[in-house]
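These notes are about the structure you will find just below.
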Protein chains: 2
Amino acid sequence: MKDTHRSGCPINLTLEILGDRWSLIVLRDMMFGNRRHFRELLTKSEEGIASNILADRLRRLVDKGLISRQDDPSHKQKAIYSLTEMGIWLVPVFAAMGSWGRKFLPVTEELSIRAELLEDGGPALWDAFMSELRALHLGAPSPERSVFAELQAAYEAAVLRNRMSKAV
Amino acid sequence: MKDTHRSGCPINLTLEILGDRWSLIVLRDMMFGNRRHFRELLTKSEEGIASNILADRLRRLVDKGLISRQDDPSHKQKAIYSLTEMGIWLVPVFAAMGSWGRKFLPVTEELSIRAELLEDGGPALWDAFMSELRALHLGAPSPERSVFAELQAAYEAAVLRNRMSKAV
DNA sequence: CAAAACTGCTTGCATAATACAAGCAGTGTT
DNA sequence: AACACTGCTTGTATTATGCAAGCAGTTTTG
């Protein structure tokens, strides 16, 4: 809980929270993969985060206010992690980073299809997605449109397409 | 020059390049502060980067293609660092991160005025700014509008305002 | 009803990144 | 001739990360 910031610049303050190799990966998986439990985050991500790092990041993100932690009623040892409003507002940041990555880095089709939809959809889509995240994570009423389902469907279609083409 | 990526996800690949505490600070200073020399970057930033870290980051960013390094004709020991197209395209990322930081973190007015203008200006302003960066860093013809000057003027006005209010 | 699997983590240890202070060889200015 | 400036490097201390193993309790399974 150190209150000594390097500067009051918004970019710097953002980096003091998100400027490492894992924080945004964890948030990405919570947001786009709907991973809500420790083990899900630990085992279901492509990148393979270590358990001690994951534990540390979850603690820090709760501490900084980007996510919250609650007990899972269905299992006495389970914890549910949820995005807060602060975390949900990272949608435009992910959209911008995704576009940049897609433009300049060797992304795979499967894993960049969501970024493409997010880029094409623009702020209107981001808003719809954020509304849905408020429903999924904060108990807000569900909007009609499910951007999450659209992203997921596009991803799974891409996976399938890829499998077909490989299984000549 | 390791080619082993954790995954082909655009967010992940972006983090593999920019996911640390200093890379984006260096790029921010080059972009918004027009710092082009090593000592400028070393001494004129609020955050106080260490010289070995700065040297390492400049090397890495050149290596990854976000900036370039040239000899300064005016001084045999001087090097000029310039943004590449890849670096210039980070403008929307900075805009998104700046907006998020401004919304949720304890920013100071002086240091967030540029983020505010960038947010209010939207994609049209970002485009104009990127055109100007191409002129400043890549030798492209100068556009009429100088977003850089606008940002700088707003910043200096904010500094002045702040000094006035403190010197009761 | 015992074995197996699953829960959110912790611990120990090796390696890598960061921070801080000092310094260096060459260049340009006074 | 003295001094300040140039882009760095070097050395050392601390912190972050990566990897493998394990743990106490809970739930599912044969």
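Everything numeric here is computed off the predicted structure, so don't read it as measured data. All values below come from the heavy atoms of this structure, side chains included, with hydrogens, waters and symmetry mates left out.
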Quick one: [atom1] on [X] to [atom2] on [Y], what's the gap to the nearest 0.5 Å?
X	Y	atom1	atom2	result
A:Glu156	A:Leu151	CD	CG	11.0 Å
A:Arg36	A:Leu136	CZ	CG	7.0 Å
B:Phe148	B:Ser142	CZ	OG	12.5 Å
A:Met30	A:Leu133	CE	CG	10.0 Å

So [Y] and [X], do their side chains get closer than 4.5 Å, heavy atoms only?
X	Y	answer
B:Lys64	B:Leu61	no
A:Phe32	A:Leu118	yes
B:Phe104	A:Ile17	no

What's the [atom1]-[atom2] distance between [X] and [N], to the nearest Å?
X	N	atom1	atom2	result
A:Ile17	D:dA16	CD1	C1'	18 Å
B:Glu47	C:dT18	CD	C1'	16 Å
B:Arg6	D:dT17	CZ	P	11 Å
B:Leu61	D:dG7	CG	P	16 Å
B:Asp56	D:dT10	CG	P	13 Å

Quick one, which residues of [range] touch DNA chain D with a heavy atom under 4.0 Å?
range	value
residues 70-84 of chain A	A:His75, A:Lys76, A:Gln77
residues 18-42 of chain B	B:His37, B:Phe38, B:Arg39
residues 48-55 of chain B	B:Ser51, B:Asn52, B:Ala55

So, are [X] and [Y] salt-bridged, with charged N and O less than 4.0 Å apart?
X	Y	value
B:Arg102	B:Glu119	yes
A:Glu150	A:Arg145	yes
B:Glu109	B:Arg161	yes

Would you say B:Arg59 reaches D:dT9's phosphate, i.e. side-chain N/O to OP1/OP2 under 4.0 Å?
->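 Yes, because at least one side-chain N or O of B:Arg59 sits under 4.0 Å from OP1 or OP2 of D:dT9.
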So, is A:Arg69 near the phosphate of C:dC9, with a side-chain N or O under 4.0 Å from OP1 or OP2?
->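 The answer is yes; a side-chain N or O of A:Arg69 sits under 4.0 Å from OP1 or OP2.
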So, B:Thr84 side chain and B:Gly65 main chain: donor-acceptor pair closer than 3.5 Å or not?
->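 Yes, because the side chain of B:Thr84 sits within donor-acceptor range (under 3.5 Å) of the backbone of B:Gly65.
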